[in-house]
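The block underneath contains the structure these notes are about, expressed in structure tokens.
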Protein chains: 2
Amino acid sequence: MYLDALKKTLKDKKYRMTPQRELVLKVFMDNEDEHLGAEDVYRILFSNKHSVSKATVYRTIELLVEFGFLRKLDFGEGIYRYELAKKNKQHHHFICKNCGKIYEIEEKHLKTLKRELKNQGFVFENFDFKIYGICPNCNKKTKKRKEKKK
Amino acid sequence: MYLDALKKTLKDKKYRMTPQRELVLKVFMDNEDEHLGAEDVYRILFSNKHSVSKATVYRTIELLVEFGFLRKLDFGEGIYRYELAKKNKQHHHFICKNCGKIYEIEEKHLKTLKRELKNQGFVFENFDFKIYGICPNCNKKTKKRKEKKK
DNA sequence: ATAAATGCAAAAGATTTGCCGCGGC
DNA sequence: GCCGCGGCAAATCTTTTGCATTTAT
């Protein structure tokens, strides 16, 4: 369960589990199919009478992204949205330029993906594909440091 | 050439070609290998003694994206960056979580891409893949309206 | 001539930060 | 007691907007 995993991660890194952190994570668990922005999370908590300050919401979300619980998304609206990062099943997003609706697309080969989308009636104009990770340069340096750390 | 294409597009849509629009497009042409944000463009123009107001820079960039001359990018920094959209060759980006460097990656099948990156020493943590286009719903509606328009 | 585009400054949003006080360890 | 954490308000930063003036066609 996510909450236990969070507790464990926090403990490992000498951070503390707090009611606010639990509440924020729960918002994402309760809205698995949404792509919530920080302000959304704040509003949801607020309207549920759970007072968590905006600053804390922002700080907690950042923490959750850092620990891999959330994935940071951007749909070109000028705000960031987030979703629970289920490590197992990657997926991508199709954003309609007309109505703005967001469809979730399973990961497959690009070619297959394109063919399938076409068959389903999607017309795509451009791709925005980003991969986050560690580049070869940094990787070398990190390896050398690995024994020293931890 | 991009400038002529812009002139043509503007004329077709009953917009006007202006020195400012030309200047902004030129900044991107002169910095093809960069991912410039709006403020960067403003600074570049400003330091070259070409005074174009910030508002115009923002408005022009928006226009250029709309017309497909620029592609809007986001690297999670809280600002948008843009690059000349060369329609022919799609590419993606690899962002190093450690040093922040951005590598450009050619488009291939996902699987092939992953294998190659791994061979080159990249370690990837997560993908952010977005496709922009028109969804089947909107597509239906658009088709029906097509004869009336234009 | 006239509608569109620019410039300027103000406004709007989202996100971050400084600082103080509280509470877990 | 120390240090991480949360709350609050102020600050910051990017992007947008209103309005008067200029300019392309």
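All values reported here derive from a predicted model rather than from experimental measurement. Residue numbers start from 1 in every chain, and the chains themselves are labelled A, B, ... in the order their sequence lines are given, proteins ahead of strands. All values below come from the heavy atoms of this structure, side chains included, with hydrogens, waters and symmetry mates left out.
- Distances shown here put every side-chain N or O of A/Ser53 at or beyond 4.0 Å from the OP1 or OP2 atom of D/dG6.
- Counting only distance, with no hydrogens or angles, the side chain of A/Asp40 and the backbone of A/Gly37 share a donor-acceptor pair below 3.5 Å.
- Taking hydrophobic clusters as Ile, Leu, Val, Met, Phe, Trp and Tyr residues chained together by side-chain heavy-atom distances below 4.5 Å, B/Leu84 does not share a cluster with B/Tyr132.
- The shortest heavy-atom contact between A/His93 and A/Ile102 is CD2-CG2, 3.8 Å.
- For B/Arg21, taking side-chain heavy atoms from C-beta onward, the closest of the listed nucleotides C/dT15, C/dA5, C/dG7 is C/dA5.
- Note: NZ (A/Lys54) to C1' (C/dT17) measures 15 Å, nearest angstrom.
- Between B/Ala85 and B/Gly68, the shortest heavy-atom distance links the atoms CB-O, 3.5 Å.
- The residue among B/Pro19 and B/Ala55 whose nearest nucleotide of DNA chain D is located toward the 5' end is B/Ala55.
- Comparing D/dT15, D/dT17, C/dT15 by their closest approach to the side chain of B/Tyr80 singles out D/dT15.
- Summarising the geometry, the separation between CD on B/Glu39 and C1' on D/dT16 is reported as 12 Å, rounded to the nearest angstrom.
- Rounded to an integer number of Å, the gap from B/Tyr58 OH to D/dT16 P is 8 Å.
- Following rounding to the nearest Å, A/Arg59 (CZ) and C/dA14 (P) show an atom-to-atom distance of 18 Å.
- A heavy-atom distance below 4.5 Å is not found between the side chains of A/Phe75 and A/Tyr80.
- With rounding to whole Å, B/Leu73 atom CG is found 17 Å from D/dT14 atom P.
- Atom-to-atom, CZ of A/Arg16 to P of C/dC22 comes out at 16 Å; the value is rounded to the nearest Å.
- For the pair B/Asp12 CG and D/dT25 C1', the interatomic distance rounds to 15 Å; values are reported in whole Å.
- Put simply, A/Thr18 has a side-chain N or O that comes within less than 4.0 Å of OP1 or OP2 on D/dG6.
- Heavy-atom nearest nucleotides on DNA chain C were determined for A/Ala38 and for B/Ser51, and the one closer to the 5' end corresponds to B/Ser51.
- Atom CE in B/Met17 sits about 9 Å away from atom P in D/dT25, given to the nearest Å.
- Taking only side-chain nitrogens and oxygens, B/Gln20 comes nearer than 4.0 Å to OP1 or OP2 of C/dG7.
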